[in-house]
Amino acid sequence: MASSIFPLLILILFAFSCDRVQSHEEGHITAEISNKGLDFLKDLLIEKAESSLVPLELPKIEKSVKIPVVGSVQMVLSNIVIERIDVTSSTVKTGDSGIVIDVSGATANLSMNWKYSYSTWLVPISVSDKGNATVQVEGLEVGLSLSLKTVNGSLKLSLLECGCNVNDISIKLDGGASWLYQGLIDAFEGKIGSAVENAVPKKIKDVTVKLDSVLQSLPKEVPVTNIAELNVTFVDDPELSESSLDLEVDGLFSAKHEAALSSHYYRLLQDSFSCKEADKMVKISLQENVLKSASSVYFEANKMHWIVDKVPDQSLLNTAGWRFIIPQLYKMYPNHDMNLNLSVSSPPILNVEKQQIKAKIPLDVVIDVLDVEEVIPVACISTVISASVSPEISGNALTGYVKLNDITMSLKWSKIGNLHMNLIKMLLSTTLRTVVLPYVNLKLSNGYQIPVFHGYGLQDAHILCTDSWMVICSDVAPVKQFNLI
């Protein structure tokens, strides 16, 4: 029984850990990325850019210089390659104009080949020399403005503006009589600086196009189990303010290969539920319809059906253990083993309230008698279980506990006459409270590890529950920094 129940419990408690609606609808899962989170993403982006931008090859530079007595000297710089870029300072700002990233004080290392040749009336033959050179670029400044929109349910990233400025260049030559010509090469500083200022924005544009292609290729449905998938279609354009970037996805579960149809609702999440006071990178908000859609998917897939054939007191699954509660059952089937066949009769009703999730589960409990190789259903009890679930996050694991609030029962049909429902309710309620719930809560207390995304996951997260919403406030960090439980 437990192996079938726990995927649903994990799905309900764990929906926030995953990635076709009309444009006027609201997303059921929202993510608010704070300035702290944007700084984290900016640092990741720059770290990747430092390696993605290099090696960057610059075009060949030729120049003719007139030198007294010597005459005209033809000089060529070739195989000019930016081999390394180091960023020491950067900022990110968001607003109506988009996402603006400024890089200042960066350095770049270049390598190149140099060559010169000349002829003069003093020397009837052509004179030439060649060698290698290293170039150090100081005070490299880069500014770029990005636009983030939603197109056909995917995020589209566009480069609006990009500029680059070089403040200082020093060149060191090796090979040949380089010490004689350092002054000549210094004359190329302007051309090398211009080449860098032209090449870097072009490369950033190429990298932006590739990043946009990655965003466009992200799936719009993410498998969660072998039954359900989560609709992560983006809804409406991201909202940019001076303090955050807000994203919304549809967020409803559906059976695999079936599109989830979103229902319109009005956003009631109050601004008071903010992660700013906790100084967290991201706030993830889940509307209770996410949980309801997960419940519906499992119900339609006929996965809310369990057979109870083992309990700690196995005598309870023999007619002899029921002879004082249902005497006629023991008379008709003396000392026969039994099963309890549990089936949810309609999708469970789930509501997010203050600091808890309320669940009302309609359940049909069929008493089966095992007669040789035949299973004989003898009675069906209509049951409604009311419980509350309190989700928590400990370390990088999702935990929580379930509390049984109430249980109601009525006889749906019987082949063994009328039953004393008060006695049956007492027995089944005691079994639920003393056997099933402790086992479920033991599993939940051990926790379920939250999946990571490309080596990163939630850190120091906590959950808030309010009317119809679950809010998760968290930082993000490499998984290796976590103390997993």
Side-chain angles (χ1 to χ4, degrees), residues 38-63 65 75-93 98-116 129-146 157-176 178-214:
L38 289 172
D39 280 334
F40 178 79
L41 292 176
K42 177 260 300 177
D43 291 340
L44 281 181
L45 181 63
I46 289 178
E47 181 181 340
K48 296 297 182 182
E50 287 176 336
S51 58
S52 300
L53 291 175
V54 295
L56 177 56
E57 187 172 349
L58 305 184
K60 181 169 66 174
I61 301 175
E62 299 184 40
K63 188 174 183 180
V65 180
M75 304 191 68
V76 178
L77 304 183
S78 60
N79 296 326
I80 310 171
V81 178
I82 301 177
E83 297 181 336
R84 181 182 177 88
I85 296 177
D86 292 311
V87 176
T88 57
S89 177
S90 62
T91 61
V92 59
K93 295 181 180 179
I99 304 171
V100 178
I101 299 177
D102 288 317
V103 172
S104 60
T107 61
N109 297 327
L110 290 77
S111 64
M112 65 182 183
N113 297 330
W114 60 268
K115 179 181 180 180
Y116 75 87
D129 200 357
K130 62 182 180 180
N132 302 320
T134 58
V135 181
Q136 180 73 21
V137 177
E138 301 284 350
L140 183 65
E141 298 177 349
V142 179
L144 61 148
S145 177
L146 301 168
L157 183 68
S158 303
L159 182 64
L160 301 178
E161 292 182 276
C162 184
C164 177
N165 182 60
V166 174
N167 289 323
D168 185 53
I169 290 180
S170 62
I171 305 173
K172 180 180 179 182
L173 278 69
D174 300 307
S178 60
W179 62 275
L180 293 173
Y181 309 105
Q182 182 70 50
L184 295 177
I185 294 299
D186 287 346
F188 280 83
E189 287 185 1
K191 286 186 174 291
I192 295 175
S194 296
V196 171
E197 291 172 351
N198 291 330
V200 169
K202 290 180 180 179
K203 186 67 174 181
I204 290 177
K205 182 178 181 180
D206 293 340
V207 172
T208 304
V209 170
K210 292 180 180 179
L211 182 57
D212 175 62
S213 178
V214 172

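As the structure is a computational prediction, the values presented were derived from the model and not from experiment. The figures here come from the full heavy-atom set of this structure, side chains too, leaving out hydrogens, waters and symmetry mates.
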Steps toward side chain to side chain contact (heavy atoms under 4.5 Å, CB included) verdict (Asp39, Val92) | CA-CA 7 Å; Asp39 280 334; Val92 59; 3.2 Å; yes

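- At least one side-chain heavy atom of Val200 sits less than 4.5 Å from a side-chain heavy atom of Ile204.
- Distance SG/Cys162 to NZ/Lys203: 13.0 Å, rounded to 0.5 Å.
- When all heavy atoms are compared, the tightest approach of Ala199 to Leu58 is CB-CD2, 3.3 Å.
- Not a single donor-acceptor pair under 3.5 Å links the side chain of Trp114 to the backbone N or O of Lys130.
- With sequence neighbours left out, Glu50 forms a side chain to side chain donor-acceptor pair (under 3.5 Å) with no residue at all.
- At least one side-chain heavy atom of Met112 sits less than 4.5 Å from a side-chain heavy atom of Ile192.
- When atom types are taken as modelled, the side chain of Ser213 and the backbone of Val209 share no donor-acceptor pair closer than 3.5 angstrom.
- One distance of note links CG of Leu38 with CG of Asp43; it measures 11.0 Å at 0.5 Å rounding.
- Counting only heavy atoms from C-beta outward, the side chains of Asp212 and Ser158 never approach each other to under 4.5 Å.
- The distance from atom CG of Leu110 to atom CG of Leu77, rounded to the nearest 0.5 Å, is 11.0 Å.
- Here the shortest heavy-atom pairing between Val103 and Ala106 reads CG1-CB, 4.0 Å.
- For Ser111, the side-chain contact (heavy atoms from CB on, under 4.5 Å) test picks out Val81, Glu83, with sequence neighbours left out.
- Remark: Glu62 engages Lys60 in a salt bridge (charged side-chain N to carboxylate O under 4.0 Å, His left out) (not counting sequence neighbours).
- Annotation: side chain of Leu56 is not in contact with side chain of Ile85 (no heavy-atom distance under 4.5 Å).
- Counting heavy atoms from C-beta outward, Val54 and Arg84 have side chains that stay 4.5 Å or more apart.
- The closest donor-acceptor contact from the side chain of Thr88 to the backbone of Gly105 lies under 3.5 Å.
- Residues Val135 and Ile80 have side chains not in contact (no heavy-atom distance under 4.5 Å, counting atoms from C-beta outward).
- In this structure, the side chain of Lys42 engages the main chain of Ser90 through a donor-acceptor pair within 3.5 Å.
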Criterion side chain to side chain contact (heavy atoms under 4.5 Å, CB included) on Leu45 and Ile101, from CA distance to verdict | CA-CA 10 Å; Leu45 181 63; Ile101 299 177; 3.9 Å; yes

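- Residue Ile46 holds its CD1 atom at 12.5 Å from OG of Ser52, rounded to the nearest 0.5 Å.
- Here Ile82 contributes atom CD1 and Leu53 contributes atom CG; the two are 8.5 Å apart, rounded to the nearest 0.5 Å.
- At least one side-chain heavy atom of Gln136 sits under 4.5 Å from a side-chain heavy atom of Asn109.
- Within the 4.5 Å cutoff, side-chain heavy atoms of Thr107 are placed close to those of Glu138.
- Between atom NZ of residue Lys93 and atom OG of residue Ser145 there is a gap of 12.5 Å, rounded to the nearest 0.5 Å.
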